[in-house]
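What follows is a set of notes on a single structure, which appears directly below.
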Number of protein chains: 2
Amino acid sequence: MTISEENYIKVIYHLSQVSPKGVTTNAIAGTLDTKASSVTDMLKKLADKNWVSYQKYQGVSLTESGLLKAKMVVRKHRLWEVFLVEKLGFAWDEVHDIAEELEHIQSDALIGRLDEFLGYPSFDPHGDPIPNAKGEMVKEERILLSEAQRNHTYRFIGVKDSSPGFLQYLDKQKIALGAPIELLEIEPFDHSICIRINEQELVLSQKIADNLYVLKHV
Amino acid sequence: MTISEENYIKVIYHLSQVSPKGVTTNAIAGTLDTKASSVTDMLKKLADKNWVSYQKYQGVSLTESGLLKAKMVVRKHRLWEVFLVEKLGFAWDEVHDIAEELEHIQSDALIGRLDEFLGYPSFDPHGDPIPNAKGEMVKEERILLSEAQRNHTYRFIGVKDSSPGFLQYLDKQKIALGAPIELLEIEPFDHSICIRINEQELVLSQKIADNLYVLKHV
DNA sequence: AAAAATATTTAGGCAAAACTAAAAATAGTT
DNA sequence: AACTATTTTTAGTTTTGCCTAAATATTTTT
């Protein structure tokens, strides 16, 4: 499997999470920053190799073997991110691009030993679950903070947007993974919210609340 | 710099150690397992980018910037080997191919932090010196065991051949890096030698002795 | 020094993965 | 249902890094 093929499979996997009935050519092109015609070419190749099922003009979805391939790439990406943060001391906003390269190293022995070295982590530094060697991962009952209810308390467990800009904003506001968040107020006009975190009150815009995953109960 | 370009530069660097007056097209082709015509193509490209000086039919040598590039690839390769052995518990005969992939990850920050994490090692698991960020590395007064003198004691500090087969042979004979070796006898007929190592006597063929680096004094 | 052997380069092609431009299919709108 | 807009595919190119086969240099042998 080439690096390019792995990247396509991974992107199709991520886009499938949002639109499970089929991923469009344009969506893939947009994510990978290529042209739609290039995507069509690659989809044919991936279909030939039985990693996606693809009908002209109807979008694609991963086959069983494609899904496993995708999960293995995601597994590698997230394990490397844990390594970069936990062992090398990188900040959570610095690791994505490096992991993007490391995820393509081909060695099952390597990734198995890395997993062991890291203590078999279940989540990466952004709160995303790490598939095990079989592709299984924990599934949490998480919601977006923008969908949460007034006067309830949640736990901040992940980000939807993991771009450096957003992560740096969270650092600045001292909003860290695992923190309890109490939803104090929802402003009807602009959907901004007021929360209590670290014993302080904080106002977050809808856009921010829309990118924070919280645990439903407690 | 592409992966292919890095591999060429690295191979030219290694071959230069043996033949400093110029590396031949065929030597490169042999090492990289490609055809001479492919090498010629690449040499032109590398010359255009000023990483090698190349005269038709006269072989190549690295320019100053090419030499630094090569040392940085070697640095990455050897640091990753240390990581694989020291941190992930791989054996010294298992790490070459994985490091061959890892050496192409592009991130100065990564390699700097990896170096720090490993405690700024000076040698890789095979006893080869690791260049620092400037390309400097320690130079030892080492010789081959086949060039050593009778009744002198040496220290085993490196291997010339680092193929898995040879390394496994050394493991089997309990010949480990750092061990003192006393040269007891040189057999004139086949140049095999008798040594004392780990309080035991051992006979080594010329081929073995020809691939072991030892420290000259003590 | 000429002939033979070897090494290297040139010329022409191929496959992967991207591109542009044009054609075809689908979706949306009146 | 027809027209328009959008999406997707096809067709034809480009670039990178490799290949084979043929031509040219260099080296070795006689």
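All values reported here derive from a predicted model rather than from experimental measurement. So that the names make sense, note that chain A is the first sequence line, chain B the second, and so on, each numbered from 1.
- For the salt bridge (Lys or Arg N to Asp or Glu O under 4.0 Å) criterion with A:E5, the lone passing option out of A:K49, A:K69, A:K45 is A:K49.
- In this structure, OH of A:Y57 is placed 4 Å from C1' of C:dA25, rounded to the nearest angstrom.
- Contact annotation: A:S4 reaches the phosphate of C:dA18 (side-chain N/O to OP1 or OP2, under 4.0 Å).
- When the nearest nucleotides of DNA chain C are assigned to A:M42 and B:T24 by heavy-atom distance, the more 5′-ward of the two goes with B:T24.
- At a threshold of 4.0 angstrom between heavy atoms, the contacts of B:S38 include nucleobase atoms, whether or not backbone atoms are also involved.
- Note on A:S37: a base of the nucleic acid sits closer than 4.0 angstrom, heavy atoms only.
- For A:T2, whose side chain is taken as the heavy atoms from C-beta onward, the closest listed nucleotide among D:dG17, C:dA18, C:dA17 is C:dA17.
- The distance between atom NZ of A:K44 and atom C1' of D:dT10, rounded to the nearest whole Å, is 7 Å.
- Between the NE2 atom of B:H104 and the NZ atom of B:K76 there is a distance of 8.0 Å, given to the nearest 0.5 Å.
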Practice item. Mind running side chain to side chain contact (heavy atoms under 4.5 Å, CB included) on B:W51 and B:L62 for me, showing each step along the way? Key: CA-CA 6 Å; B:W51 294 323; B:L62 293 172; 5.7 Å; no
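- Rounded to whole Å, atom P of C:dA25 lies 18 Å from atom CG of A:N26.
- Between A:T25 and D:dT9 there is a side-chain polar atom (N or O) within less than 4.0 angstrom of OP1 or OP2.
- Of the candidate nucleotides D:dT9, C:dA18, D:dC19, D:dC19 has the atom nearest to the side chain of B:D41.
- Residues B:A36 and A:I3 each lie close to DNA chain C; by heavy-atom proximity, the contact nearer the 5' end of the strand is made by B:A36.
- In this structure, the nucleotide among C:dA7, C:dC19, D:dC18 sitting nearest to the side chain of B:Y8 is D:dC18.
- The partner of D:dT30 is C:dA1, by the rule that a Watson-Crick or G-U pair needs both atom distances under 3.5 Å.
- In this structure, a donor-acceptor pair under 3.5 Å is present between the side chains of A:S192 and A:D190.
- If you check every strand for non-hydrogen atoms under 4.0 Å, A:T40 touches a base.
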